[in-house]
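Pasting in a structure now, in structure tokens, and then I'll have a few things to ask.
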Amino acid sequence: MPRKAPVEDYDDSGLEVSRPKTYAAGVPGVTTALRHSFEQMGARRTALTLLRVNQKDGFDCPGCAWPEGDHRHVAEFCENGAKAVAEEATVRRVTRDFFARHSVADLAERSDHWLGQQGRLTEPMVKRAGSDHYEPISWDEAFALLAGELTALDSPDQAVFYTSGRTSNEAAFAYQLFARAFGTNNLPDCSNMCHESSGAALTETIGVGKGSVLLEDLHRADLIFVVGQNPGTNHPRMLSALEKAKKAGARIVAVNPLPEAGLMRFKNPQRPSGVVGRGTPLADRFLQIRLNGDLALFQALNRMLLESDAPNAVDRAFIAAHTTGFEEFAAHVKALDWDDVLEATGLTRAEIAATLGDVLAAERIVVCWAMGLTQHRNAVPTIREIVNFLLLRGNIGKPGAGVCPVRGHSNVQGDRTMGIYEKPAPAFLDALAKEFSFEPPRRHGLDTVNAIRAMRDGKVKVFLGMGGNFVRATPDSSVTEAAMRRCRLTAHVSTKLNRSHAVTGEQALILPTLGRTEQDVQESGPQFVSVEDSMGMVHASRGRLAPASPHLLSEVAIVCRLARAVLGETSIDWAAMERDYDVIRDHVSRVVPGFEDFNARIRRPGGFTLPHPPRDSRRFPTPSGRAVFTVNELEVLRVPEGRLLLQTIRSHDQYNTTVYGLDDRYRGVKAGRRVVFVNPDDLEALGLADGETVDLVSEWTDGVERRAPAFRIVAFPTARGCAAAYFPETNVLVPLDSTAEVSNTPTSKSVVVRLERPDGGAASSTPSQGR
Ligand SMILES: Nc1nc2c(c(=O)[nH]1)N[C@H]1C(S)=C(S)[C@@H](COP(=O)(O)OP(=O)(O)OC[C@H]3O[C@@H](n4cnc5c(=O)[nH]c(N)nc54)[C@H](O)[C@@H]3O)O[C@H]1N2
Ligand SMILES: Nc1nc2c(c(=O)[nH]1)N[C@H]1C(S)=C(S)[C@@H](COP(=O)(O)OP(=O)(O)OC[C@H]3O[C@@H](n4cnc5c(=O)[nH]c(N)nc54)[C@H](O)[C@@H]3O)O[C@H]1N2
Ligand SMILES: [Mo]
């Protein structure tokens, strides 16, 4: 009998596994999108909403942060964007009767999928101390309760204000202002688990923590690296850009332990040929790298460039004019050990040499990446090495070239621009102080991992989440859950039910809010909000649907009313901001550089582009005024015998902790999520077989044994020594203290595990790290 998992209410017994697909999208993508939409919204609402996604007068897709092109299709959405919209625009509702029927303990037993399927939250709810049920509460009472707990704290630093990445610029600005006026920089956000490593590496090396390319640059590139990213599932609209680049002659190199369908071939559903034809082959070269091998790969390429006789191998003029640190970097790279490179990457020297050929043939190179690079111990050095690579070739600050960290949540980049940051720059705080006549706190606040530690240790007593699903998205689930349960009060501003509402402090609040798709009407009339995409384009977003319930408040209204309840009358006019979001935008225009004349420019069709000095004029706002070459030590991550390196990833049917359905179409998985993908040769070496059920047991230096029970083994063409399984189910395996250097991001893509038969029989022999 397979062991039962702790949170499980769906039937996994129908789980089917077939061969992984070799192309993405096309007709199956469109039909899946429509099926989800009809199920959640019905036909009329589907037509009304999907036609408005990403149109110039419509709302910003709540899916990913990929930018919209200038020439928009009538249906500028993708399969997974449509699922994100359907999830929010669903006609299902969670009412007070629902909470009367289900105790909090009952909800804590439910799966992420079940919780999400219950529909939209409709009115504020409270769980009082000692009770195991949520009951209705008025908004005023809810704010009074929160205000009472916040003002009773010994210090403002005993509260934490988390943000997920869907929050609009306007709400984010008001929220950080409230936290700072209250007296703390405890503003952790999902970025801490996401692209924090990118921000840290880019700020240090080029002076701006954001990508340096626009959509046109991708279209004009000669060579595009897609590293540690699964765009077919997570950024499907990026495939159109890659297709366009290919048609213009670009080569694509995919670097990934998994042969992701979306990287191999793309059938564009918005073009007739994509519906019937074989589609466009995307990757010209697939480097099936081992997990965490990317620093070694790029360092090897850098060494080969420095040693190459090709006249264009290194852009000496650019290096002399715009960079610093070249000599130390070059000396370090020349000492690189090839055995280490081959062991770390699992690639052959011939594969790396052939890639060098692609590089030398290209004048304009873009490197794109996502979570495959950012969630490792050495994530920041890895991304710095990619910057070294581009600097060597003069590939930053010229058309068709640059760094492209592809962001996740649709406004995660904008939230940071608006000041959602636990380590704010002094200049930002100075501007806030001047604009609002108060003294913001200067000491750094808690990031996500440190917030969990502080709650665990009883140092933080009130948790407020602006969106997201903190309990489920964070590492070390049992530690995090215990940490949340120690709080006096946990409160969540949410659209949908999730596990964070079920794992609560002594008291808990659910504050239901409007989503992107809904009309936001305030005293001065209908409002719109704004977002910033992955390439620094800011544009407006207007919802059209009637709100899911008349009792919902916008995120802006919730922040402003809470601020008044907590702070009373101060120099900050919260009521004016709530009444008219133009007032917030006027403040932003005076506080955040690049937003001058915000209200006028946001009303232009398509919005505006934020300045990016390295991209725009090769000016590098680092302390030296130059781009910085860095020295990055290569440490090969060696896994003990009999163990595998596990990465925790998204299926095609989920949005982070929101599980839309139980299929992972491109990887050939149907009707189940508790699967672990393992290379057939590793299975053989371990004495295990496809179809067996095993526990995943993570081993870390702290000696604690973390276990995720009952996963079905799927033999899969992943790199040797590497395994993969879906999060959030596997978050229980990620140690809280295992984080990336500098960025403190949990190492969700490199967890050492052993596969254990439920009877306790461990894997028999050893998968070798060598080839
Ligand atoms: N539909 C949908 N869209 C989404 C999301 C979603 O959940 N669903 N989430 C959004 C968010 S918040 C984010 S951050 C993005 C995430 O977008 P991705 O980063 O694409 O998401 P992951 O599923 O984490 O996939 C990581 C990819 O990197 C590869 N990889 C893992 N480790 C390594 C490594 O060491 N080296 C290399 N070279 N490759 C590696 C994996 O095999 C996988 O292909 O997507 C956003 N868009
Ligand atoms: N093991 C592992 N863990 C990971 C990752 C991984 O790859 N592996 N990825 C990490 C990454 S990249 C990220 S970004 C984080 C994500 O962490 P979070 O952003 O905290 O999690 P989400 O699942 O995106 O949050 C979903 C919830 O947001 C709420 N919501 C949705 N839309 C709105 C809205 O418009 N307003 C409000 N107020 N609420 C809304 C809904 O209630 C929904 O249940 O997870 C991280 N965790
Ligand atoms: Mo993310």
Side-chain angles (χ1 to χ4, degrees), residues 62-66 78-81 83-84 87-88 112 115-116 121 162-168 171 189-195 226-236 254-260 262-263 287 289-294 297 369-376 379 382 406-412 448 465-475 492-501 511-517 555 558 645 647-658 660 718-719 722 724 726-731 733-734 745-746 748-751:
C64 71
W66 189 256
C78 66
E79 174 190 353
N80 277 348
K83 289 186 208 159
E87 187 73 18
E88 178 178 304
D112 306 295
L115 291 169
L121 296 161
Y162 175 71
T163 314
S164 172
R166 288 226 182 141
T167 296
S168 66
D189 71 341
C190 69
S191 224
N192 300 145
M193 299 178 271
C194 186
H195 267 293
V226 183
V227 192
Q229 191 196 349
N230 178 19
T233 288
N234 298 314
H235 307 91
V255 187
N256 204 304
L258 299 175
E260 305 284 24
L263 294 170
L287 297 178
I289 198 164
R290 288 222 167 99
L291 288 170
N292 199 42
D294 306 270
L297 170 65
W369 71 87
M371 297 304 102
L373 291 194
T374 63
Q375 300 175 335
H376 291 286
T382 299
V406 183
R407 303 281 159 170
H409 267 300
S410 52
N411 198 40
V412 62
T448 293
M466 182 56 66
N469 184 0
F470 191 83
V471 161
R472 236 9 210 163
T474 51
H492 294 273
V493 178
S494 312
T495 51
K496 303 278 300 261
L497 196 62
N498 64 45
R499 190 163 169 79
S500 297
H501 305 125
L511 307 171
T513 192
L514 295 174
R516 282 281 168 78
T517 51
E555 291 181 348
I558 291 172
L645 201 54
Q647 58 157 328
T648 59
I649 49 172
R650 294 151 173 81
S651 82
H652 194 64
D653 254 2
Q654 73 183 80
Y655 194 95
N656 300 338
T657 70
T658 299
Y660 303 134
T718 176
C722 305
Y726 307 130
F727 94 99
E729 290 84 344
T730 47
N731 255 336
L733 300 172
V734 184
T745 294
S748 313
K749 296 289 190 276
S750 41
V751 185

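Counting starts at 1 for both ligands and their atoms, in listed order. In what follows, every heavy atom counts, from backbone to side chain, and hydrogens, waters and symmetry copies are set aside.
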### Query
Which atoms from ligand 2 have a heavy atom of Ser494 less than 4.0 Å away?
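Contacts of ligand 2 toward Ser494, numbered from 1: 39 (N), 42 (O).
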### Pick from Thr382, Ile649, Thr374, Asn80: the one approaching atom 25 (O) of ligand 1 most closely through a non-hydrogen atom
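Selected option, by shortest heavy-atom distance: Ile649.
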### Message
If the cut-off is 4.0 Å to any non-hydrogen atom of Val255, which atoms of ligand 1 fall inside it?
### Response
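Listed by number with element, the hits are 37 (C), 38 (N), 39 (N).
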### Query
Cys194 heavy atoms, cut-off 4.0 Å: which ligand 1 atoms fall inside?
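Once the distances to Cys194 are compared, the set is 14 (S).
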### Message
Would Arg166 count as being in polar contact with ligand 2, using the rule that some N or O on each side must be under 3.5 angstrom apart?
### Response
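Yes: some nitrogen or oxygen of Arg166 is under 3.5 Å from one in ligand 2.
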### Query
Any idea which of Thr167, Leu511, Thr495 brings a heavy atom closest to atom 41 (C) of ligand 2?
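Looking at heavy atoms only, the winner is Thr495.
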### Query
Which is closest to atom 8 (N) of ligand 1 in terms of heavy atoms, Arg650, His376, His409, Gln654?
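Looking at heavy atoms only, the winner is Gln654.
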### Query
At a 4.0 Å threshold, what atoms of ligand 2 neighbour a non-hydrogen atom of Ser748?
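The atoms of ligand 2 under 4.0 Å from a heavy atom of Ser748 are 1 (N), 2 (C), 3 (N), 8 (N).
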### Task
Using a strict 4.0 Å cut-off to heavy atoms of Asn292, name the atoms of ligand 1 that fall inside it.
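Numbered from 1, ligand 1 contributes 34 (C), 35 (O).
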### Message
Is the contact between Thr648 and ligand 2 made by the side chain, the backbone, both, or neither, using heavy atoms and a 4.0 Å cut-off?
### Response
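Both the backbone and the side chain of Thr648 come within reach of ligand 2.
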### Query
Does the N or O separation between Arg290 and ligand 1 drop below 3.5 Å for any pair?
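By distance alone, the answer is no.
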### Query
Within the structure, does Asn469 bring an N/O atom to less than 3.5 angstrom of an N/O atom in ligand 2?
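Checking ligand 2 against Asn469, an N or O pair does fall under 3.5 Å apart.
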### Task
Please report which non-hydrogen protein atom sits nearest to atom 18 (P) of ligand 2, along with the residue it belongs to and the distance in Å to one decimal place.
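Residue, atom and distance for the closest contact: Tyr162 OH, 3.5 Å.
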### Task
Closest by any non-hydrogen atom to atom 38 (N) of ligand 1: pick that one out of Leu373, Leu258, Asp294.
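Among Leu373, Leu258, Asp294, the closest heavy atom to atom 38 (N) of ligand 1 comes from Asp294.
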### Task
Could you say whether the N/O atoms of Arg516 and ligand 2 ever approach to under 3.5 Å?
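No.
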### Shortest protein heavy-atom distance from atom 4 (C) of ligand 2, along with the residue and atom involved
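Sorting protein heavy atoms by distance from atom 4 (C) of ligand 2 puts Phe727 CE1, 3.3 Å first.
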### Message
Below the 3.5 angstrom mark, is there an N/O of Gly372, backbone or side chain, next to an N/O of ligand 1?
### Response
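N/O-N/O distance below 3.5 Å exists for this pair.
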### Task
Report yes if Val493 has an N/O atom closer than 3.5 Å to an N/O atom of ligand 2; otherwise report no.
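It does: an N or O of Val493 is found under 3.5 Å from an N or O of ligand 2.
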### Query
Taking 4.0 angstrom as the limit, do Glu79 and Lys83 come out as a salt bridge?
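Yes, Glu79 and Lys83 are salt-bridged.
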### Message
Between Glu88 and Arg516, does any NZ, NE, NH1 or NH2 come within less than 4.0 Å of an OD or OE carboxylate oxygen?
### Response
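So Arg516 does not pair with Glu88 through a salt bridge.
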### Query
Nearest heavy atom to atom 26 (C) of ligand 2: which of Asp189, Thr658, Leu497 does it belong to?
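Among Asp189, Thr658, Leu497, the closest heavy atom to atom 26 (C) of ligand 2 comes from Thr658.
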### Message
If you measure every N or O of Lys749 against every N or O of ligand 2, does any of those distances drop under 3.5 Å?
### Response
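For ligand 2, there is an N or O atom that lies under 3.5 Å from one belonging to Lys749.
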### N or O contact, Ser164 vs ligand 2, cut-off under 3.5 Å
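Among all N and O atoms of Ser164, at least one is under 3.5 Å from an N or O of ligand 2.
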### Query
Is there at least one pair of N or O atoms, one from Ala473 and one from ligand 2, spaced under 3.5 Å apart?
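N/O-N/O distance below 3.5 Å exists for this pair.
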### Query
Under 3.5 Å, N or O to N or O, is Met466 touching ligand 2 that way?
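So ligand 2 has no N or O lying under 3.5 Å from an N or O of Met466.
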### Query
Do any nitrogen or oxygen atoms of Glu88 come within less than 3.5 Å of a nitrogen or oxygen of ligand 2?
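For ligand 2, there is no N or O atom that lies under 3.5 Å from one belonging to Glu88.
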